[in-house]
Number of protein chains: 2
Amino acid sequence: MELKDSSTEDKIKNAAKAVFHRKGFAAARTRDIAEEAGINLALLNYYFRSKERLFVLVMIETLSGFFGSVSVIINNPETTFEEKIEQFAAGYIDLIFREPDIPLFIMSEIRNNPEQLLQKIDIRNTVFNSVFIRQFAESVQQGKIKDQSFLHFMMNFIGLIVFPFIGKPLLKAISGLTEEEFNALIEERKKLIPVWIKAMMN
Amino acid sequence: MELKDSSTEDKIKNAAKAVFHRKGFAAARTRDIAEEAGINLALLNYYFRSKERLFVLVMIETLSGFFGSVSVIINNPETTFEEKIEQFAAGYIDLIFREPDIPLFIMSEIRNNPEQLLQKIDIRNTVFNSVFIRQFAESVQQGKIKDQSFLHFMMNFIGLIVFPFIGKPLLKAISGLTEEEFNALIEERKKLIPVWIKAMMN
DNA sequence: ATTATTTTTAATCATTTGATTAATGTTTAT
DNA sequence: ATAAACATTAATCAAATGATTAAAAATAAT
């Protein structure tokens, strides 16, 4: 998963990340986490008080790690709108390849507890104060792309990136592809999605 | 949710559907279901033996209801490829509007138990023996759309339809829209998705 | 070296939760 | 009307699970 299994505390946190991501809060048992971490169950409560507090911690790190890496890309003042689209697609697909359980994990857990989890991260401002959204507006104004809802655009863009990971088990069953073949297909999308998105916008 | 709360058995099954769809298998307690159904807890086991058997039953009905309605649209011999795209998008968005928890429910539970659940429904044949895929191939051959992977096409199409529902809590938080405003946005997509999809294919 | 502090462990607790049981009530068949 | 079958309920069970405790081990401070 990540790294740094030096301290017991880190061992537990990393194990918790893995187990929570894979099974979700409700299905994850503290004994699963302890076993994955290779530590005594009591240490989980010793270091983190409760399953719930450990979960919140994991969730905060997961969310900020996941959305934090967006921030860098969409606020780069050096790149054009088109370049950001390309970097965003490729960067995000790589990121999710490394931790493929995260999208479904985030969506599932937010469903179960929208308010509490969402206030932990100001994703709204990240998006709406970004260079990216300003460049989108400029491109519309300059007639480079046709006038359209930024939200539709974002839904489409993120949906194209994320959906194959969320629907992977189902899509593999439909297609009959192996893990490697399916991953290769997703890999292709790093280049294809920007092309499709541009086609949709004109 | 559905209807027919005549018999106790149906009351329990419908309550189970609602609770499982909303919370998933692991987080759903049999007592939640009993309460939602307004019946004594023991009746759940009396009629359905166990939580797990009740869940499998709910899952089978959910999957066949969800994918069954696809079958009708994509195998209609009367409609063209383009018409199927329009009907599929509009029909599916309407369907999910009625039961918005289903996509995330299906994806989550399949992740937890891919083999066992997927063999219960031969989605693969539904798609690959459909009139729809034949018409796709024809359109490619006739040069109406450019040569491309059917699987990418399906991922894109389904992703555009389904993702706004899966990501709804997050997307609402990002956009700051109310429930009604967000639903109105999705409603627009019934017309927009076919346009986008066609743009992507050329 | 000795003491104090921190970490780890095995055992145990209390609650939750899926499931069963035995008694009671209700419907159906004769 | 009576018996048989079915449905419902309250009480209870057993296993799972999050959490705690008290003792032991390891580490740090003096």
Side-chain angles (χ1 to χ4, degrees), chain A residues 3-62 101 105 108-109 111-113 116-117, chain B residues 2-62 101 105 108-109 111-113 116-117 120:
Chain A
L3 61 165
K4 293 265 183 186
D5 268 20
S6 43
S7 67
T8 301
E9 203 170 335
D10 282 338
K11 270 191 227 165
I12 298 173
K13 201 161 69 180
N14 288 331
K17 251 182 204 159
V19 175
F20 281 138
H21 286 179
R22 195 183 323 132
K23 315 183 32 158
F25 177 79
R29 292 169 305 145
T30 51
R31 281 165 176 81
D32 295 332
I33 297 170
E35 195 187 1
E36 173 110 3
I39 53 97
N40 187 289
L41 172 60
L43 290 175
L44 189 151
N45 295 92
Y46 177 75
Y47 283 105
F48 298 95
R49 303 283 300 180
S50 71
K51 180 189 178 187
E52 196 153 344
R53 287 172 66 97
L54 176 54
F55 175 77
V56 170
L57 212 115
V58 164
M59 182 52 105
I60 289 175
E61 293 199 4
T62 301
D101 290 332
F105 167 75
S108 298
E109 299 303 331
R111 165 189 63 170
N112 298 340
N113 206 336
Q116 205 181 343
L117 290 179
Chain B
E2 220 145 296
L3 61 166
K4 291 267 182 185
D5 268 19
S6 43
S7 68
T8 301
E9 204 171 335
D10 282 338
K11 269 190 228 166
I12 298 172
K13 201 162 68 181
N14 288 332
K17 251 183 205 159
V19 175
F20 280 138
H21 286 179
R22 194 184 323 131
K23 316 188 20 163
F25 177 80
R29 291 169 306 146
T30 52
R31 281 163 176 81
D32 295 333
I33 297 171
E35 196 188 0
E36 173 109 3
I39 53 96
N40 187 288
L41 172 60
L43 289 175
L44 189 151
N45 295 93
Y46 178 75
Y47 283 105
F48 298 96
R49 304 282 301 181
S50 72
K51 179 190 179 187
E52 197 154 344
R53 286 172 67 96
L54 176 56
F55 175 77
V56 170
L57 212 115
V58 164
M59 184 50 105
I60 289 175
E61 293 199 4
T62 301
D101 289 333
F105 167 75
S108 298
E109 300 302 332
R111 165 190 62 169
N112 297 341
N113 206 335
Q116 205 181 345
L117 289 178
K120 295 196 189 306

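So you know, we letter chains A, B, ... as the sequences are listed, proteins then strands, and number each from 1.
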All pairs passing side-chain hydrogen bond (donor to acceptor under 3.5 Å, both in side chains) where residues 32-49 of chain B contributes a residue, at least two apart
R22(B)-E36(B), K23(B)-D32(B), R29(B)-D32(B)

Please list, chain by chain and in numerical order, all residues satisfying side-chain hydrogen bond (donor to acceptor under 3.5 Å, both in side chains) with S108(A), sequence neighbours excluded.
S108(B)

Pairing residues for T30(A) by the side-chain hydrogen bond (donor to acceptor under 3.5 Å, both in side chains) criterion, not counting sequence neighbours
none

Reading DNA chain D from 5' to 3', where do the contacts with chain B start and stop? Cut-off is 4.0 Å to heavy atoms.
dC6(D) to dA10(D)

Please report the distance, rounded to the nearest Å, between CG in L43(A) and C1' in dT6(C).
12 Å

Looking only at non-hydrogen atoms, find the nearest pair between D101(B) and H21(B) and report the distance.
CB-O, 3.5 Å

Check this for me: E52(B), atom CD, are more than 12 non-hydrogen atoms of other residues, nucleotides or ligands nearer than 6.0 Å?
no

Nucleic acid contacts of residues 23-42 of chain A, taken as heavy-atom distances under 4.0 Å to DNA chain C:
N40(A), A42(A)

To the nearest 0.5 Å, tell me how far K13(A) NZ sits from I33(A) CD1.
13.5 Å

Protein and nucleotides 23-27 of chain C: nitrogen or oxygen contacts under 3.5 angstrom:
none

Nucleic acid contacts - residues 47-57 of chain B versus DNA chain D, non-hydrogen atoms under 4.0 Å:
Y47(B)

Could you tell me which residues satisfy salt bridge (charged side-chain N to carboxylate O under 4.0 Å, His left out) with K51(A), sequence neighbours excluded, listed by chain and number?
none

Run the numbers on F20(A) and F105(A) for ring-ring contact (aromatic ring centres under 6.0 Å, His included), then give the verdict.
CA-CA 8 Å; F20(A) 281 138; F105(A) 167 75; 7.3 Å; no

